[in-house]
Amino acid sequence: MNTYIFLYPETSFFEVNLVAYFMKTKGDIYIVAEEEHQTICTNEGVRIQKDVSLAQMKAENADVFIICGGETNTIKNKPLLLKTINRCIGEKKIVGGICAGRTLIAEAAGDLEFPESTCVLDNIVLSPGNEYVDFALAVGRAADIFTDEADYQETVDYFKYFRYTPVEE
């Protein structure tokens, strides 16, 4: 499974760190940036090197396409990004947006209306920035990465409720 995560200057990487961790259990993670030679400096002060530019990204190779939150003005008026989002939606890829990313996806999809909390609308997962755990869980569930309901519930318990249940041998 290939997960592409679009990052941009002043992005809030903490919002997608957990979804990257979950999705890595079932495939590869690729960092996408708009420009050809770009290292992204996040809001956290972390520098992340991109794997592929948005222009090089092939939507047909993506199973999941995530748009991170951050400084909204940085990702406004990006026709190629909107086109890529629409192509992924049209090809029934899982498309996830958190914080500013959800606003952009809603715009790309034609002013899609969504509730304030994390939601799944067909193949689209949208979440406010403070629900990054719910976002990661919803993307993981949409991508069918959990082996069964018990695996999902164990993940919810651990990451959302901080409950650890040791596996009996």
Exercise. Ion pair present between Glu116 and Arg102, side-chain N to carboxylate O less than 4.0 angstrom?
Worked result: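 A salt bridge is present here (some side-chain N lies under 4.0 Å from a carboxylate O).
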Problem set entry | Charged N-O contact under 4.0 Å between Glu71 and Lys76 | no
Distance-minimising heavy-atom pair for [X] and [Y]:
{"X": "Cys88", "Y": "Ala59", "answer": "SG-CB, 3.9 Å"}
{"X": "Ala143", "Y": "Val64", "answer": "CB-CG2, 4.3 Å"}
{"X": "Ala100", "Y": "Gly70", "answer": "CB-O, 3.7 Å"}
{"X": "Ala108", "Y": "Ile85", "answer": "CB-CG2, 3.7 Å"}

Identify, with sequence neighbours excluded, every residue that meets side chain to side chain contact (heavy atoms under 4.5 Å, CB included) alongside [X].
{"X": "Cys119", "value": "Phe114, Pro115, Leu121, Leu126"}
{"X": "Glu60", "value": "Lys58, Arg87, Glu91"}
{"X": "Thr155", "value": "Phe22, Leu137, Phe146, Asp151, Phe159"}
{"X": "Phe162", "value": "none"}

What about [X] and [Y], same hydrophobic cluster or not, with Ile/Leu/Val/Met/Phe/Trp/Tyr joined at side-chain heavy-atom distances under 4.5 Å?
{"X": "Phe135", "Y": "Leu112", "answer": "no"}
{"X": "Tyr21", "Y": "Tyr152", "answer": "yes"}
{"X": "Tyr8", "Y": "Val16", "answer": "no"}
{"X": "Leu104", "Y": "Leu54", "answer": "yes"}
{"X": "Tyr132", "Y": "Ile145", "answer": "yes"}

As an exercise, state the distance from [atom1] of [X] to [atom2] of [Y], rounded to the nearest 0.5 Å.
{"X": "Asn61", "Y": "Asn2", "atom1": "CG", "atom2": "CG", "answer": "6.5 Å"}
{"X": "Thr84", "Y": "Lys78", "atom1": "OG1", "atom2": "NZ", "answer": "13.0 Å"}
{"X": "Cys68", "Y": "Ile48", "atom1": "SG", "atom2": "CD1", "answer": "8.5 Å"}
{"X": "Phe14", "Y": "Glu44", "atom1": "CZ", "atom2": "CD", "answer": "6.5 Å"}
{"X": "Thr42", "Y": "Asn17", "atom1": "OG1", "atom2": "CG", "answer": "10.0 Å"}
{"X": "Ile98", "Y": "Ser127", "atom1": "CD1", "atom2": "OG", "answer": "4.5 Å"}

Around [X], counting heavy atoms of other residues, nucleotides and ligands shown, do more than 12 lie under 6.0 Å from its [atom1]?
{"X": "Arg163", "atom1": "CZ", "answer": "yes"}
{"X": "Asn77", "atom1": "CG", "answer": "no"}
{"X": "Asp157", "atom1": "CG", "answer": "yes"}

Side-chain contact, heavy-atom cut-off 4.5 Å: [X] with [Y]?
{"X": "Ile66", "Y": "Ile94", "answer": "no"}
{"X": "Leu7", "Y": "Lys50", "answer": "no"}
{"X": "Val139", "Y": "Met23", "answer": "yes"}
{"X": "Phe6", "Y": "Leu81", "answer": "yes"}
{"X": "Met57", "Y": "Phe65", "answer": "yes"}

Problem set entry | Side-chain donor or acceptor of Thr11 paired with backbone N/O of Asn43 under 3.5 Å |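 Side chain of Thr11 to backbone of Asn43: no pair is present.
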Exercise. Does Glu131 use its side chain to pair, donor to acceptor, with the backbone of Thr118 at less than 3.5 Å?
Worked result: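 Yes, Glu131 side chain to Thr118 backbone: donor-acceptor pair under 3.5 Å.
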Problem set entry | Sequence-distant partners of Glu113, salt bridge (charged side-chain N to carboxylate O under 4.0 Å, His left out), two or more places apart | none
Exercise. Are Val19 and Thr3 close enough, and set up right, to give a side chain to side chain contact (heavy atoms under 4.5 Å, CB included), and what steps lead you there?
Worked result: CA-CA 10 Å; Val19 77; Thr3 300; over 6 Å; no
Seminar exercise, completed: So salt bridge (charged side-chain N to carboxylate O under 4.0 Å, His left out) across residues 13-27, not counting sequence neighbours, yields Lys24-Asp28
